[in-house]
Protein chains: 2
Amino acid sequence: MLPEKTIERLSKYRRYLLEKLEQQEEYLYSHELAAALHLTPEQVRRDIMLIGYTGTQRKGYSIKELIEVISKILDGDNKINAVIIGMGHLGKAISNYFSIKRSNIEIVAAFDIDSSKVDRIISGIKSYHVDNLDLIINETDAKIAILTLSPAGAQDITDQLVYAGIKGILNFTSVTLRVPEDVYIENYDMITSLEKVAYFVKENINNEGTL
Amino acid sequence: MLPEKTIERLSKYRRYLLEKLEQQEEYLYSHELAAALHLTPEQVRRDIMLIGYTGTQRKGYSIKELIEVISKILDGDNKINAVIIGMGHLGKAISNYFSIKRSNIEIVAAFDIDSSKVDRIISGIKSYHVDNLDLIINETDAKIAILTLSPAGAQDITDQLVYAGIKGILNFTSVTLRVPEDVYIENYDMITSLEKVAYFVKENINNEGTL
DNA sequence: AAAACAATGTTATTTTAATAACAATTATTT
DNA sequence: AAATAATTGTTATTAAAATAACATTGTTTT
């Protein structure tokens, strides 16, 4: 199992490499990739070492091969399905983001409680009432849920998701969710992120020229 | 300057403490706060030590006082203004999130290029055409920008933002932005996050019962 | 063909963050 | 009033991540 931070970077490497591939480029150096993503060449080489790929010295890495190796790690062999819970603005934004199918993650369904958002196709994704959660998740064999609903219902829905077989959650609610330990959670808390930016802006402004 | 991770937790502590305060609670223990946020009591005590607050032994921390100390650190003395760039679904989602004024960060303006989203109030925030970026940022003295626009224009807009005096960016585009080093950037890359969840879900499923 | 160069692959070091350990202290109990 | 129990504050240890160092090797140049 690779380190979390390495996985994050691999995802970014792949996207950059795909761009380069489209531009008909064949090889690239660790320092190019590093410069593009604001990393150090050492970091890049280390990550590539960890995934067991080796380039050729003096020539760099084969873009095509490196994409293949990263994809094998990130995607595995099977397609993985995801669902969105909550089709408000955030849910729609995410649907749009992923309407272009990248990698082999597919969003196969969305859920909401609002009748005006249910039983229709929104941003290319079929939207159901949450009452059908268990049924649809089983039918589609979805393993990931993206939570964009209000904090109030978050834990209750999470319990249902876990029961239905969901093994990974991308959590946009500000709620700290309780799940069994075989369920992986990635939290994204906008309030915290913004407060963090504010803090470091404030600190930087106060310490101007203190170096 | 406090560690980044401590700042993140302080933001979460404050929100939990505010809830408790509303419930008329007066004191809480490190282990209560830890349990609520899935941390260890040691971590909580260490963070509180770092901000220089001390509770009373056997009795715990005064909720009211702890909120005050955290707020002093996160908020500082002055209000800080933010703007949103891009009023698509994501921009609107974020506007709604922050329409209830929390802490002392205020979103004072939004920008878009789409004429249908300009010169009107959306989710309680006045929306302008991007041509007015410099003017409005100076007028409002905004220091933070939240980027929810398409990747294509992201670097160009960022250059304009920096020129206008923005010192912190919450970046929702998947672009790696180039900025002077006194500008703090917090990146949020949904594609990477989802691919990361997918990877760990896959690994967990494959290693079931391997412990 | 030999030498110089420039890039990789890997190990070592440093830094940062998290966890654990434990002494100090205060409320509670007897 | 003394003993006990429970919680804090702080230091020490461990773990994770990033950075740096350097030996190796393939390319290019002369």
Side-chain angles (χ1 to χ4, degrees), chain A residues 1-13 17 20 25-66 69-70 176 181 184-187 192 196 199-200 203, chain B residues 1-13 17 20 25-66 69-70 176 181 184-187 192 196 199-200 203:
Chain A
M1 187 115 72
L2 295 162
E4 205 176 302
K5 303 288 170 164
T6 295
I7 294 299
E8 285 182 21
R9 285 188 297 267
L10 289 176
S11 164
K12 291 174 206 286
Y13 295 165
L17 291 166
K20 285 286 151 188
E25 310 252 345
E26 283 194 52
Y27 285 85
L28 103 170
Y29 299 123
S30 59
H31 63 256
E32 293 178 286
L33 192 48
L37 302 178
H38 298 173
L39 303 166
T40 62
E42 293 81 12
Q43 180 82 85
V44 171
R45 293 206 301 275
R46 212 170 192 297
D47 286 333
I48 293 175
M49 184 195 86
L50 288 175
I51 63 176
Y53 178 66
T54 75
T56 53
Q57 260 151 344
R58 198 76 202 268
K59 206 173 166 190
Y61 302 97
S62 155
I63 291 175
K64 192 162 159 292
E65 284 178 18
L66 188 48
V69 176
I70 293 175
T176 303
E181 60 174 80
Y184 183 88
I185 295 198
E186 170 82 5
N187 288 303
T192 289
K196 188 172 148 192
Y199 172 81
F200 286 106
E203 289 297 307
Chain B
M1 186 115 73
L2 295 161
E4 204 175 303
K5 302 288 169 164
T6 294
I7 295 298
E8 284 181 22
R9 285 188 296 266
L10 288 176
S11 163
K12 291 174 205 286
Y13 294 166
L17 291 166
K20 285 285 151 188
E25 310 252 345
E26 283 193 52
Y27 286 85
L28 103 170
Y29 299 123
S30 59
H31 64 256
E32 292 177 286
L33 193 47
L37 302 177
H38 298 173
L39 303 165
T40 62
E42 294 81 11
Q43 180 82 83
V44 170
R45 293 206 302 276
R46 209 168 195 298
D47 287 333
I48 292 174
M49 185 195 85
L50 288 175
I51 63 175
Y53 178 67
T54 76
T56 53
Q57 261 152 342
R58 200 72 202 269
K59 206 173 168 188
Y61 302 96
S62 155
I63 292 175
K64 192 163 158 290
E65 284 179 18
L66 189 47
V69 176
I70 293 175
T176 303
E181 59 175 78
Y184 183 88
I185 295 198
E186 170 83 5
N187 288 303
T192 289
K196 188 172 147 193
Y199 172 80
F200 286 106
E203 289 297 307

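From a predicted model like this one, the values you see are computed outputs, not experimental measurements. Only this structure's heavy atoms are used, side chains among them; waters, hydrogens and symmetry mates stay out. Labels below follow one simple rule: chain letters A, B, ... track the order of the sequence lines, proteins then strands, and each chain is numbered from 1.
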**OP:** Mind checking A:T6 for me? I need base, sugar-phosphate or nothing, with any heavy atom below 4.0 Å counting as a touch.
**Re:** nothing
Original post:
Between which nucleotides of DNA chain D, read 5' to 3', does contact with chain B run, using atoms under 4.0 Å from its heavy atoms?
Top reply: D:dA5 to D:dA12
Subject >> Whole-Å gap separating P (C:dT15) and NZ (A:K5) >> reply: 19 Å
Original post:
Side-chain contact, heavy-atom cut-off 4.5 Å: B:Y29 with B:P41?
Top reply: no
Subject >> Nearest heavy atoms of B:I7 and A:K196, plus distance in Å >> reply: CG2-CA, 4.0 Å
Subject >> Between C1' of C:dT19 and CZ of B:R9, the distance in whole Å >> reply: 11 Å
Original post:
In terms of the nearest nucleotide of DNA chain C, which residue is placed more toward the 5' end: A:S30 or B:L39?
Top reply: A:S30
Subject >> All pairs passing salt bridge (charged side-chain N to carboxylate O under 4.0 Å, His left out) where residues 43-65 of chain B contributes a residue, at least two apart >> reply: B:R9-B:D47, B:K64-B:E68
Original post:
Base, sugar-phosphate, or nothing for B:P41, non-hydrogen atoms under 4.0 angstrom?
Top reply: nothing
Original post:
Is there a donor N/O on one and an acceptor N/O on the other, under 3.5 Å, for the side chain of A:R58 and the base of C:dA7?
Top reply: no
Subject >> Check: A:Q57 side chain, C:dT8 base, donor-acceptor under 3.5 Å >> reply: yes
Original post:
Closest heavy-atom contact between B:I51 and B:L10?
Top reply: CG2-CD1, 3.7 Å
Original post:
In residues 42-54 of chain B, what residues come within less than 4.0 Å of DNA chain C, judged by heavy atoms?
Top reply: B:E42, B:Q43, B:R45, B:R46
Original post:
Whole-Å distance between C:dG9 P and A:H31 NE2?
Top reply: 14 Å
Original post:
At under 4.0 Å, does any side-chain N or O of B:Y27 touch on OP1 or OP2 of C:dT26?
Top reply: no
Subject >> Side-chain donor/acceptor of A:Y199 to backbone N/O of B:L2, under 3.5 Å >> reply: yes
**OP:** Kindly indicate whether the side chain of B:I70, heavy atoms from C-beta on, has any atom under 4.5 Å from the side chain of B:Y13.
**Re:** yes
Original post:
For the side-chain contact (heavy atoms from CB on, under 4.5 Å) test, which of B:L39, B:T40, B:V44 pairs with B:E42?
Top reply: B:T40
**OP:** Give the ring-plane orientation class for A:Y184 versus B:F200, where under 30° counts as parallel, over 60° as perpendicular and anything between as tilted.
**Re:** parallel
Subject >> Over all atoms of both residues, closest heavy-atom pair of A:K20 and A:I63 >> reply: CB-CD1, 3.8 Å
